[in-house]
Amino acid sequence: MLDKTYRPGDVEAKHYTAWEDSGAFAAQVDSNAVPYTIMMPPANVTGSLHVGHALTFTIQDILIRYHRMKGRDALWQPGTDHAGIATQMVVERGLAEEGIHRRDLGRDAFLEKVWEWKAHSGGTICRQLRRLGASPDWPRERFTMDEGLSAAVRKVFVDLYKQKLIYRDKRLVNWDPKLHTAISDLEVIQKEINGHLWHFRYPIEGEADRYIVVATTRPETMLGDTAVAVHPEDSRYQDLIGKNVVLPLVGRKIPIVGDDYADPETGSGAVKITPAHDFNDFEVGRRHGLEMVNIFDENAHLNDDVPEKYRGLERYAARKQVVADLEAAGLVAAIEDHTHMVPHGDRSQVAIEPWLTDQWYVDAETLARPAIEAVETGRTKFVPERWSNTYFEWMRNIQPWCISRQIWWGHQIPAWYGPDGTCFVEYDEAAAQAAADAHYGKTVELTQDNDVLDTWFSSALWPFSTLGWPEDTKELARYYPGDVLVTGFDIIFFWVARMMMMGIHFMGEVPFKTVYIHGLVRDAQGQKMSKSKGNVMDPLEIVDRYSCDALRFTLAALSIPAGQDVKLAESRIEGYRNFTTKLWNAARFCEMNGVARDAAFDPHGAKEPVNRWMISATTLLAREMDQAFAEYRFNDAANGLYHFIWHSFCDWYLEFAKPIFAGEAEAPKAETRATMGWVLGQLLHLLAPIMPFITEELWSQFSLPGEGPLLTASWPELDDGLIDREATEEMSWVVDLISQVRAVRSEMNVPAGAQLPLILKDASPVVRDRAQKHQSLIARLARVDGLTFDDGKPAAGSVQALVGETTLVLPLAEAIDVDKERQRLQKELDAVAKDKEKLTKKLANEQFLAKAPPAVVEEQRSRLGEADQRAEKLSAALSRLTAA
RNA sequence: GGGCGUAUAGCUCAGCGGGAGAGCGCUCGCUUCACACGCGAGAGGUCGUUGGUUCAAUCCCAGCUACGCCCACCA
């Protein structure tokens, strides 16, 4: 017996445990089934579940559950990412509370702390994922710093190094002065800052009272200037090119060079050049062989290469001092307010400093070439397609990828240095030692590179490292490449592009055939959710309040194929919670009326139109689901199910069944019960990928012995023989009739309980037959007692309406408001007349007749015919009304 | 500076070269024996703007306006 109300909390826990314990989430490596693979984006170990995760994992779980039911060997590979900087920051913060700095512990002891932290607080997200109903192959869970995955990282590094696709270089990097590490271009975010533009006068050497004016947003960097650039053809400065200026405050003589970089239109046309602290200036410096004066230490404090009074100053303090000193010297020409973009570290949120250091780089340009080609040729497709443009744009302009980080938590770079600095890049220390010994001809002491790799380096290998690469495993052969990667657009560059590069390079094939890009989840007003705005919705709270199924269904219903952002409104979730209740009660209705699934029931053999109609509609719904899932149209799938279950199944079919079950109708109860059981069973299957819990619970009540859980059930494959146009047309007519009667009753304020007689005028034999056959259904649903046929003039006080070619006449017991009735009919007539006019005009247009497809012309003709008929009948009804 | 997206009912959004849709909200009526998280009936839109293509445009194309996002080294 089903409880009166659905209790999602108990049900969710019960079924999830049963599913997981049964091992049914597991991929079947040895089966004959065609594999279906989704690589779960490894969540940060530091993370906890937010609604963005809920969206992406729900979509993946829907796809996995659907394909599992379709008979595919589904592998959903779960895992977590070590999230280098993020995790290190979390642990450092914890240590700071105890007054400890990681330096105090030393590298090994610190890393031990991180592993300890990971053991007890890491991976929260995987536990939370279970509350979402996610069904990945948990025993295959991987971590990017597992032994196996670390081995993959070392092999990739060594191979790329030997192929000269990884190299070490000294160049400007984005230096984070707070975290004391280099970061990649992608980890830099631009922030608009209200600052100033300072115009300084630099004295020309040997020419008293002659100056060149340069402007800067960063006065402190002038201490590192090693040139002033002007455009080579700038007429104002022709005589100055080749001369020197005396750098104020420093006294260094620096050249004035001609370089295209200087834009004559901007400012004075002259620009100061600080090659060690600006990416553009670095290039100018290279072109002119300029000196690089590095003026900062790792904290972005001034170092000893600046005049003594500035040494040790923090960069913004130095800025003030430099400006003050230049002002005192009368060298400030102007100060303007100036808004500009300043690069910041995405983790530390401090302004990054271009800084000259040795770092490791991946030759991304070379790796990108085949990855671009793979998308161009369609071996990997983006859905929606437009995201491939974003991918191309970035990949075609890709810069060397800085992969070394000056932190401790991560994969330490497999490079060892000999006493003279010779670098040995090898798979492990023993190999490096052997190489070094051979190189030096004796045993030497090696020191490993201190740096670790960018977290995304290991994530890039995820599609094959998790399957056992570089070992030649069965999994690798079977599940690579994956079918679809599901993710948000925000990590196309960070992750998708890099998986493409690494996958193609090391596996010889793309890592996934489709990339489905969904939107970001925002609040109901479209605002980004953030703690500071206080508009964050916790998915687990939603699950507690509305049920997991309601959340999943909402996310599916909001996932439109165009991949727009998802605005999550609580009212929507509430509505879909109501939907689960509706389904629950429908199932209770079935149970109360002796509806059961019957293994012997063959839907092809159903006789009653009402049953054949529902079987047909269910078949069409199943087709619709297949199409929706194939095209990643989750909203269509959700809306189709919602509308069918609520409106077709509950509003009409269950209502039609009431008189049948009550014995008022001729239709056999047995066939209707069996059909209803069959339909309910199909619906539970179709709904299961999106709403796994309530469907499993209901299935446990309606499944037959030996059928097993819905989780592993087979997806409905319904043949064309079940589609029944005749029954559909017949029942649609009955539905229309009932709707018309209800509308008239409502508009004429007929008391809800009152029974009315119904007369059909001008009914064809077919219509008469239908009306008689379904009399009891009409009686019950439209509250009609007594159906007669009479083509004569309706009695006074009758109300009329149209259903197809037939006029309904409802004699009302009390005197009707004739004016009101006239208005009602006139309104309808006006609408029809308007329609008629449009169609007539169209059909009178020779161009239309000549050029439009015949089918369209025919359709318009038949519509005009119908409109004519309706207009005629309505006019007749109106004149009868006036006459009476 | 480049690129992308969006503009349809009060709100949130689907849709589509030939008859304007959903959910929520709103109005009216219902203790109808599965469900008030419900049932029934309604009201409500010149589909942002201007032009073009077409027999036909809410839909395709171009411009404009507004909003949002991404990328970018301009002093």
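So you know, we letter chains A, B, ... as the sequences are listed, proteins then strands, and number each from 1. For clarity, every value in this text was computed on a predicted model and none was experimentally measured.
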*Give a yes/no on whether any side-chain N or O of A/K567 is located under 4.0 angstrom from OP1 or OP2 of B/C11.*
no

*Which base, if any, makes a Watson-Crick or G-U wobble pair with B/U6, both distances under 3.5 Å?*
B/A66

*Find the distance A/R577:CZ to B/G38:P and express it as a whole number of Å.*
8 Å

*So does A/K851 get a side-chain nitrogen or oxygen closer than 4.0 Å to the phosphate oxygens (OP1/OP2) of B/G18?*
no

*Can you check the A/L558 CG to B/A14 C1' distance for me, whole Å?*
11 Å

*Rounded off to whole Å, could you give me the CG-to-P distance for the A/D281 and B/C73 pair?*
14 Å

*Tell me: NZ of A/K827 to C1' of B/G42, nearest whole Å?*
8 Å

_When you measure from the side-chain N and O atoms of A/W394 to the phosphate of B/G2, is any distance below 4.0 Å, counting only OP1 and OP2?_
no

*asked:* Is it the case that atom CD in A/Q627 sees more than 12 heavy atoms from other parts of the structure closer than 6.0 Å?
replied: no

*asked:* Suppose we call a contact any N or O donor and acceptor under 3.5 Å apart; does that hold for the side chain of A/S571 and the base of B/C24?
replied: no

*Figure out the CD/P separation between A/Q860 and B/C55, and round it to whole Å.*
16 Å

*asked:* Regarding A/C590, tell me which of base, sugar-phosphate or nothing describes its non-hydrogen contacts under 4.0 Å with the strands shown.
replied: nothing

_Base-pairing assignment for B/G38 (Watson-Crick or G-U wobble, both under 3.5 Å)_ = B/C30

*Do the side-chain N or O atoms of A/R572 get closer than 4.0 angstrom to the phosphate oxygens (OP1, OP2) of B/U12?*
no

*To the nearest 0.5 Å, tell me how far A/R319 CZ sits from A/M222 CE.*
13.5 Å

*Respond yes when some side-chain nitrogen or oxygen of A/K582 is under 4.0 Å from OP1 or OP2 of B/C39, and no when none is.*
yes

_Taking any heavy-atom pair under 4.0 Å as a contact, classify A/W198: base, sugar-phosphate, or nothing._
nothing

*Which part of the nucleic acid, if any, lies within reach of A/H647 when heavy atoms closer than 4.0 Å are counted: base, sugar-phosphate only, or nothing?*
sugar-phosphate

_Does a side-chain N or O of A/N749 approach OP1 or OP2 of B/C28 to a distance below 4.0 Å, or not?_
no

